[in-house]
Amino acid sequence: MKINVNATEYTVDVQGNPSLLEVLREQLDLTGTKYGCGEAACGACKVLVNGTPTPACITPVTSVQGKRIRTIEGLDADGRLHPVQEAFLEEDVFQCGYCAPGMIMTAVALVESKKSLDEQELLDGMNGNICRCCTYPAILNALKKLTQNTTKA
Ligand code: FES
Ligand code: FES
């Protein structure tokens, strides 16, 4: 089966009905996306499927045929960081960083929605992403900056 990841077509083995996360990490060597809970409860494995944050751990790879998958590796644009990555770095958000790929991909979807987002909408948008290091205040600060930038543009 073919899947489109970060604008590249890959042929992947679907024997045993692997999850999208298994295929990304074990077949495509895209190990930026992390395994946390394995049951859609932590957000560590979130990638964008047609622009929607999606837990790759419970998503059968066969369900994403014909869809656009975007992972943390796909944010690189000619060696430049995505504005979300820049903002998170500026706020010194992460400690261990394990939640970072899922947090960032979820934030990318929020910021690229171009909506004007108030604090509650930001919190709702990030719901389902858990940080064991409790970096939530810094994440919220970074998201507020991004939303202000988005609305000013
Ligand atoms: S590993 Fe997928 S949501 Fe936790
Ligand atoms: S920075 Fe450690 S889990 Fe989020």
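The figures here come from the full heavy-atom set of this structure, side chains too, leaving out hydrogens, waters and symmetry mates. Just so you know, ligand 1 is whichever comes first in the structure, and atom 1 is the first atom listed for that ligand.
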| query | Going by the atom numbers of ligand 2, which of them fall below 4.0 Å from some non-hydrogen atom of Q95? | reply | 1 (S)

| request: Quick one: closest heavy-atom pair of C57 and S19, and the distance? | output: O-CB, 3.5 Å

| Short side-chain to backbone donor-acceptor contact, E91 and I139, under 3.5 Å | no

| field | atom 4 (Fe) of ligand 2 to nearest N/O/S of C131 less than 2.8 Å | value | yes

| said: With rounding to the nearest 0.5 angstrom, report the CD1 to CG distance, I3 to L28. | reply: 5.5 Å

| remark: Checked atom 2 (Fe) of ligand 1: protein N, O or S atoms closer than 2.8 Å come out as C45 SG, C57 SG

| said: Counting non-hydrogen protein atoms only, what is the nearest one to atom 3 (S) of ligand 2? Give residue, atom name and distance. | reply: R132 N, 3.3 Å

| request: Flag the pair T54 / L48 as yes when at least one side-chain heavy-atom distance between them is below 4.5 Å, and no otherwise. | output: no

| Is a side-chain donor-acceptor pair under 3.5 Å present for K67 with N4? | no

| field | Closest approach of R70 to L75 (non-hydrogen atoms, all atoms of both residues) | value | NH2-CD2, 3.8 Å

| field | Contact atoms of ligand 2, heavy-atom distance to C96 under 4.0 Å | value | 1 (S), 2 (Fe), 3 (S)

| field | Matching residue for Y136 among N129, L123, I130, N141 - test: side-chain contact (heavy atoms from CB on, under 4.5 Å) | value | I130

| Which atoms from ligand 2 have a heavy atom of G97 less than 4.0 Å away? | 1 (S), 2 (Fe)

| Any side-chain heavy-atom pair from K34 and R25 closer than 4.5 angstrom? | yes

